[in-house]
Colleague: 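First, the structure itself, so that you have it in front of you.
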Amino acid sequence: MGRGGGGWRRVVVLTDLEYIVKGATEWLPRRWRKSKVGRSGRKYANRDFWEELQHRIEELGGEGCEVSFWLVRDGELIRQTKAAARLAAWEGKKEGLPVERYTRLFGIMI
């Protein structure tokens, strides 16, 4: 696999929110965005978030970068992972990589 996505081959999103994992791995692949409402007839909640997330996943995929979503129940692991991601983003920013467009989406402010 090539080195797309700002030099990354794979981005793993760790979250303790099952909603995010299911949305990214089950709902987005079904191309839900073609409709303005879900099967239940209700509007999609946080539609702007899901549209941006889908765009970023497709953008990274087009650059040869795989995106995975892992559900993690350990709050301390989530905190440590965010700290490590923040540090990596700072390092990437120093090297001129376009990290802001991805870190903001995933809640890592640098």
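By convention here, the first residue in the shown sequence is residue 1.
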Colleague: Looking only at non-hydrogen atoms, find the nearest pair between L28 and Q54 and report the distance.
Modeller: CD2-OE1, 3.2 Å
Colleague: Take E51 and R56 through the salt bridge (charged side-chain N to carboxylate O under 4.0 Å, His left out) test and state the conclusion after the steps.
Modeller: CA-CA 9 Å; E51 287 175 344; R56 297 299 180 204; over 6 Å; no
Colleague: Would you please name every residue forming a side-chain contact (heavy atoms from CB on, under 4.5 Å) with R79, sequence neighbours left out?
Modeller: E76
Colleague: Side chain to side chain contact (heavy atoms under 4.5 Å, CB included), that's the test. Do S68 and V11 meet it? Break it down for me.
Modeller: CA-CA 6 Å; S68 301; V11 172; over 6 Å; no
Colleague: In Å and rounded to the nearest 0.5 Å, what is the CH2 to CD1 distance from W50 to I57?
Modeller: 8.5 Å
Colleague: Rounded to the nearest 0.5 Å, what's the gap from CG on L17 to CG on L71? Could you check?
Modeller: 8.5 Å
Colleague: What residues join I78 in its hydrophobic cluster, counting side-chain heavy atom gaps under 4.5 Å, either direct or through other members?
Modeller: V12, L14, W70, V72, L77
Colleague: Test F49 against W27 for ring-ring contact (aromatic ring centres under 6.0 Å, His included), laying out the working first.
Modeller: CA-CA 13 Å; F49 166 79; W27 306 329; over 10 Å; no
Colleague: With a 4.0 Å cut-off, would you call R9 and E63 a salt bridge?
Modeller: no
